[in-house]
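To start, the structure itself, in structure tokens.
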Amino acid sequence: MKLTIFDCDGVLVNSEEIYLAAELEFLESIGAGFERKAYMLSFMGLSPAMWEAKLQDSVEAKTGAPLPSDFYAQLDHISTLRLEADLAEIPFSRQAISKIATLRCVASSTPAARLRWKLQHVGLIDLFDPHIFSADLVANGKPAPDLFLHAAMAMNVFPHECIVVEDSANGVIAGKAAGMRVIGFTAGNHCSAEHGESLLRSGADMIVEKYDDLAAAIERFARPRKRRSLSETDATVNDEPNETSGE
């Protein structure tokens, strides 16, 4: 493998838990509550435009009424305040990423300016700059493969030589559609105990639960064995998507 492609929200920084809390609380306040697990599966990882369109349809189906005209502006204000106060790197990300031998880049649904701000804010931008790719660069965001294919092309690497590190079902689907290997990454606080199983069902080849295991997990993709597994200090590797190995 030549290139590791990192998602940003929920993989490099803790923004996913901040967004989820703000979004679910605000939706509940207008009478359009969602169950957390179902919301994560449907909406996490989408580009802003796709998220807005899908959320509008879902809320209208749920309540019979469209979202308030100022819904997105209010939610963006709340989310921005929380990001400015609480945004941090996922623990041990810098140490682990520095050990990875492949090329690396970021491919995120976050708009370009905010993506760079997040990485700068937590002190990780130097690990990736200038190889930072936003869904702004492609016609179709995740779960379409466009962004990952754009990143591979920009890095002069074939898709089958890439590993994607993703925490969302939509991101996993995008990575597999691009013809890449995908690690479902569950180190973020937003990930429940069942989240790894959800990512496996979406097609992830492997689940890694903490940054300490990431470099070794990436190395294992290059080995020729049919199936490989890591237990507590290991993640589960599946050459057949959607299979689960016991620990």
Side-chain angles (χ1 to χ4, degrees), residues 1 3-17 19-20 37 39-48 50-51 89-90 93 96-97 100 102-110 115 118-119 124 127-128 131-135 137-138 140-152 155 157 159-192 194-211 213-215 217-218 220-221 235-238 241-242 244:
M1 293 295 176
L3 174 65
T4 302
I5 304 175
F6 289 85
D7 178 42
C8 180
D9 297 304
V11 172
L12 298 175
V13 301
N14 69 340
S15 48
E16 205 66 78
E17 64 188 85
Y19 285 133
L20 280 169
K37 184 177 178 181
Y39 185 86
M40 288 176 65
L41 183 63
S42 295
F43 295 102
M44 201 168 82
L46 296 175
S47 68
M50 295 180 70
W51 170 72
E89 69 172 288
I90 300 295
S93 55
I97 293 167
I100 294 169
T102 68
L103 297 171
R104 57 181 178 256
C105 69
V106 176
S108 171
S109 294
T110 300
L115 174 57
K118 288 174 181 175
L119 295 172
L124 295 179
L127 292 176
F128 300 100
H131 309 302
I132 299 170
F133 306 106
S134 165
L137 298 169
V138 296
N140 302 297
K142 304 171 189 178
D146 303 29
L147 180 57
F148 290 136
L149 292 173
H150 175 90
M155 300 293 289
V157 175
H160 70 271
E161 297 174 318
C162 300
I163 299 167
V164 172
V165 183
E166 264 286 354
D167 68 315
S168 73
N170 288 308
V172 169
I173 292 167
K176 296 306 293 183
M180 301 175 181
R181 305 303 294 271
V182 180
I183 291 174
F185 192 67
T186 61
N189 288 336
H190 62 292
C191 297
S192 66
E194 300 82 24
H195 191 61
E197 289 298 322
S198 175
L199 297 182
L200 286 174
R201 287 192 296 271
S202 297
D205 298 288
M206 173 193 288
I207 300 301
V208 172
E209 298 179 351
K210 56 184 184 293
Y211 262 113
D213 295 334
L214 185 60
I218 289 170
R220 291 200 171 202
F221 274 118
T236 301
V237 179
N238 298 289
N242 302 320
T244 306

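Just so it is clear, the structure is predicted and the values come from calculations on it, not from any experiment. Scope of the values below: all heavy atoms of this structure, side chains included, with no hydrogens, waters or symmetry mates.
Contact between Ser134 and Thr110 at its shortest, heavy atoms only, is OG-O, 2.7 Å. When all heavy atoms are compared, the tightest approach of Leu103 to Met155 is CB-CE, 4.2 Å. Contact record, Ile207 with Gly196: CD1-O, 3.4 Å, taken as the closest heavy-atom pair. Scanning both residues, Met206 and Ala217, for their nearest heavy atoms gives SD-CB, 3.2 Å. Taking both residues in full, the closest heavy atoms of Ala204 and Gly184 are given as CB-N, 4.0 Å, listed atom of the first, atom of the second, then distance. Summarising the geometry of Leu115 relative to Ser108, their closest heavy-atom pair is CD1-CB, 3.8 Å, with the distance given to 0.1 Å.
Taking 4.5 Å as the limit, some side-chain heavy atom of Phe148 sits within range of a side-chain heavy atom of Lys142. Looking at heavy atoms from C-beta onward, Met44 lies out of side-chain contact with Tyr39 at the 4.5 angstrom threshold. Between Met50 and Phe43 there is no side-chain heavy-atom pair separated by less than 4.5 Å. Using a 4.5 Å cut-off on side-chain heavy atoms (C-beta onward), Ile90 and Val13 make no contact. Between Asn14 and Glu89, the closest side-chain pair of non-hydrogen atoms is not below 4.5 Å. A heavy-atom distance below 4.5 Å is not found between the side chains of Cys105 and Ile132. Annotation: side chain of Leu200 is not in contact with side chain of Val172 (no heavy-atom distance under 4.5 Å). Contact annotation: the side chain of Leu46 approaches that of Pro143 to within less than 4.5 Å [non-hydrogen atoms, C-beta and beyond].
Of the listed residues (Ile183, Ile218, Thr186), just one forms a side-chain contact (heavy atoms from CB on, under 4.5 Å) with Val208, and that residue is Ile183.
The distance from atom CE of Met180 to atom CG of Leu3, rounded to the nearest 0.5 Å, is 7.0 Å. In this structure, OG in Ser42 is found 12.0 Å from NZ in Lys37, a value given to the nearest 0.5 Å. Within the model, atoms CD1 of Ile163 and CD1 of Ile100 stand 8.5 Å from one another, a figure rounded to the nearest 0.5 Å. To the nearest 0.5 Å, atoms CG (Leu199) and OG (Ser168) are separated by 7.5 Å. Atom CG of Asp9 and atom CG of Leu20 lie 10.0 Å apart (nearest 0.5 Å). One finds the OG atom of Ser93 at 10.5 Å from the CG atom of Leu214 (value rounded to the nearest 0.5 Å).
Side chain of Ser202 to main chain of Ser198: a donor-acceptor pair is present (N/O by atom type, distance under 3.5 Å, no hydrogens or angles). Using modelled atom types, one side-chain atom of Arg104 and one backbone atom of Leu127 make a donor-acceptor pair closer than 3.5 Å. Checked by atom type and distance alone, the side chain of Ser109 pairs as donor or acceptor with a backbone atom of Gly45 at under 3.5 Å.
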Item checked: Stepwise side-chain contact (heavy atoms from CB on, under 4.5 Å) test for Cys8 and Leu119 -> CA-CA 8 Å; Cys8 180; Leu119 295 172; 4.1 Å; yes
Next item on the list: May I have the step-by-step check of side-chain contact (heavy atoms from CB on, under 4.5 Å) for Asp7 and Val165, ending in yes or no?
Entry: CA-CA 6 Å; Asp7 178 42; Val165 183; over 6 Å; no
Margin query: Pair Met40, Glu16 - check side-chain contact (heavy atoms from CB on, under 4.5 Å), show working.
Written below: CA-CA 10 Å; Met40 288 176 65; Glu16 205 66 78; over 6 Å; no
Check: Given Val138 and Leu149, is the side-chain contact (heavy atoms from CB on, under 4.5 Å) satisfied, shown in steps?
Finding: CA-CA 10 Å; Val138 296; Leu149 292 173; over 6 Å; no
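Under the 3.5 Å distance criterion, with hydrogens and angles disregarded, a donor-acceptor pair is assigned to the side chains of His190 and Asp167.
For His131, there are no ring pair (Phe, Tyr, Trp, His ring centres under 6.0 Å) partners at least two apart in sequence or on another chain.
Between Phe128 and Phe6, the distance separating the two ring centers is shorter than 6.0 angstrom. Taking the six-membered ring for Trp and the full ring otherwise, Tyr211 and Phe185 have centroids separated by under 6.0 Å.
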